[in-house]
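The structure displayed is predicted, hence computed values, not measured ones. Sequence lines set the chain letters: A, B, ... in the order given, protein chains first and strands last, and positions in each chain run from 1.
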Number of protein chains: 2
Amino acid sequence: MMSMYTKNINTHLIEIKDYFKVAISVDCVVFGFAEDKLKVLLIKSDLNEYKGKWSLLGDIVPPDEELDAAAYRVLHNRTGLDNVYLEQVQTFGAIERHPAGRVITVAYYALVDLEQIKGKTTNADLYWLSVDELGDMAFDHQQILNACVLRLQQQMMAQPVGFNLLPLKFSLRELQSLYESVFGRELDRRNFRKKFLSMDLLEDLNEEEADVRHRPARLYKFNFIKYDQQRKRNLGITF
Amino acid sequence: MMSMYTKNINTHLIEIKDYFKVAISVDCVVFGFAEDKLKVLLIKSDLNEYKGKWSLLGDIVPPDEELDAAAYRVLHNRTGLDNVYLEQVQTFGAIERHPAGRVITVAYYALVDLEQIKGKTTNADLYWLSVDELGDMAFDHQQILNACVLRLQQQMMAQPVGFNLLPLKFSLRELQSLYESVFGRELDRRNFRKKFLSMDLLEDLNEEEADVRHRPARLYKFNFIKYDQQRKRNLGITF
DNA sequence: TCAAAAGTGTTCAGGTTACACCCATGT
DNA sequence: ACATGGGTGTAACCTGAACACTTTTGA
């Protein structure tokens, strides 16, 4: 029973035959934050099977391109942005997930500052939709999106990645609103402010919001350098 | 510039040509726990490039097999075990990572109870090595292993997955030793016991260790059912 | 002057840490 | 009897949660 497995790709030189070959793609869940909602960048599929349904941004990975590079390429071509926060999440490979054949897709999520995108998005087929308000999606993209939202939540609890969704200058209200929309929970304003200010990682810019019809909020920026220096690891078993 | 990307695999019917095809494999980081150390199951590679270096258990995924199924297959064929805890971690696709050509590999980690394996491992080429004591590994397997250790740490902090590495009946000392070896830290015995006993998820079996030359420890089992019922979600931003 | 959101402290409960001595068993 | 690890409690500290009023601005 085990003999057929004593030789394999990790231990012996075997030829990669055609019947081993499948296609690889990357799919990007591009998150943004606007109007106090977590948004995701989608396009309408024209495939017969999924006509008009929302689809993630993705593309085939040719054999001479790195996975991360493929994701960056998709993202750059669609949004015009460089230096985007991008992270691999999970690989989806159900046999029948794509009508064109066996296409295994590596899912990434990206965090972009929507203010930097305005005007750059030349592609009119792209839409920013609220994550909690979208209907049927093409392929297994709903599943992919769910996995990315979950991962985003985990990351935002453990690391300061959320700031990639905000402008460089932001108010504490915007920050709180971001956390509330990602976690789907209201948070206490005083406790939230206390928490973030006590980290001593928000730099008070001594600037204020403009054009609001109420008392303007102070603007802050996140001090990534300081964060990198003082990051601590504390074991907290919580399950 | 964007025209070449308006048609792609998510939006239009395109043919998957040969020059898009690459090979997919799965690699399993099989963790075990013995002699107070976290162990990993490895095999020696016979590939010329990596002669004698340690390699993970992996195999090519044929187009008609699910990814998870491929990982289970590798694991079952190597260890004889079913019902193994298995989780996808990350996909590694560096262009030159495999000498046979472009092989993109989906990494999984598995948690097994070493006591259940004794006698089942018919394949003599397999070795259990301590995670912190192994030298050069083949391919990018060191990188894959590191990613899996990191993920294991994250999981063990947030969820009771570690019990999959222990026998059904275990002592608190074994449990603590497991956590210490996974996190590479000594923990206070009294606090550790208090913590786990206060969760009220360990069932006292009213049994004791045997064959120890000191006071025998009580044996417990983890109550997974109770855990599933009372699991709570609490937001704790800690970075 | 009104509407709307900004800004601000204290108290309480629960969890985490640090820490030292007696107990049960086998040899 | 001794060596080895099992088993136990308390006090200080810190963190997270609950909670209401005053301030600033534009309309």
For this session: Would you mind reading off the distance between B:Arg173 atom CZ and C:dT25 atom C1', rounded to a whole angstrom?
Result: 17 Å
Exercise. Between A:Gln176 (CD) and D:dA17 (P), how many Å, whole number?
Worked result: 13 Å
For this session: Any side-chain hydrogen bond (donor to acceptor under 3.5 Å, both in side chains) involving residues 30-39 of chain A? Give me the pairs, sequence neighbours left out, ordered by first then second residue.
Result: A:Glu35-A:Lys39, A:Asp36-A:Ser177, A:Lys37-A:Glu133, A:Lys39-A:Ser130
Problem set entry | Listed partners of B:Tyr108 passing ring-ring contact (aromatic ring centres under 6.0 Å, His included), at least two apart | none
Problem set entry | Qualifying residues under ring-ring contact (aromatic ring centres under 6.0 Å, His included), relative to A:Tyr50, sequence neighbours excluded | A:Phe139
Exercise. Can you list the residues that meet the side chain to side chain contact (heavy atoms under 4.5 Å, CB included) rule with A:Arg151, with sequence neighbours excluded?
Worked result: A:Glu87, A:Val89, A:Tyr109, A:Gln154, A:Gln155, B:Arg151
Problem set entry | Residues in contact with DNA chain D, drawn from residues 212-222 of chain B - heavy-atom cutoff 4.0 Å | B:His214, B:Arg215, B:Pro216, B:Ala217, B:Arg218
Exercise. For A:Leu175 and C:dA6, what is the distance between atoms CG and C1' respectively, to the nearest whole Å?
Worked result: 15 Å
Exercise. Taking only residues two or more places apart in sequence or in another chain, which ones pass side-chain hydrogen bond (donor to acceptor under 3.5 Å, both in side chains) with B:Asp27?
Worked result: A:Asn10, B:Thr105
For this session: Not counting sequence neighbours, which residues clear ring-ring contact (aromatic ring centres under 6.0 Å, His included) with B:Phe170? List them please.
Result: B:Phe163
Problem set entry | Separation of atom CG in B:Leu187 from atom P in C:dA18, rounded to whole Å | 11 Å
Exercise. Tell me: CG of B:Asp211 to P of D:dT4, nearest whole Å?
Worked result: 19 Å
For this session: Take the angle between the ring planes of A:Tyr227 and A:Phe222 and call it parallel below 30°, perpendicular above 60°, tilted in between.
Result: tilted
Could you run down the sub-3.5 Å N/O contacts of the protein with nucleotides 12-14 of chain D?
none

For this session: Using side chain to side chain contact (heavy atoms under 4.5 Å, CB included) as the criterion, list what pairs up with B:Asn146, not counting sequence neighbours.
Result: B:Gln142
Problem set entry | DNA chain C-proximal residues of residues 188-202 of chain B, any heavy atom under 4.0 Å | B:Asp188, B:Arg190, B:Asn191, B:Lys194, B:Lys195
Problem set entry | Main-chain N/O of B:Glu180 paired to B:Glu186 side chain as donor or acceptor, under 3.5 Å | no
For this session: For B:Lys195, enumerate each residue passing the side-chain hydrogen bond (donor to acceptor under 3.5 Å, both in side chains) test, keeping only those at least two apart in sequence or located in another chain.
Result: none
Problem set entry | Partners meeting ring-ring contact (aromatic ring centres under 6.0 Å, His included) with B:Phe92 (sequence neighbours left out) | none
Exercise. Once you round it to whole Å, what is the distance between C1' of D:dA17 and CD of A:Glu186?
Worked result: 15 Å
Seminar exercise, completed: Separation of D:dG6 atom C1' from B:Glu207 atom CD, nearest Å, is 17 Å
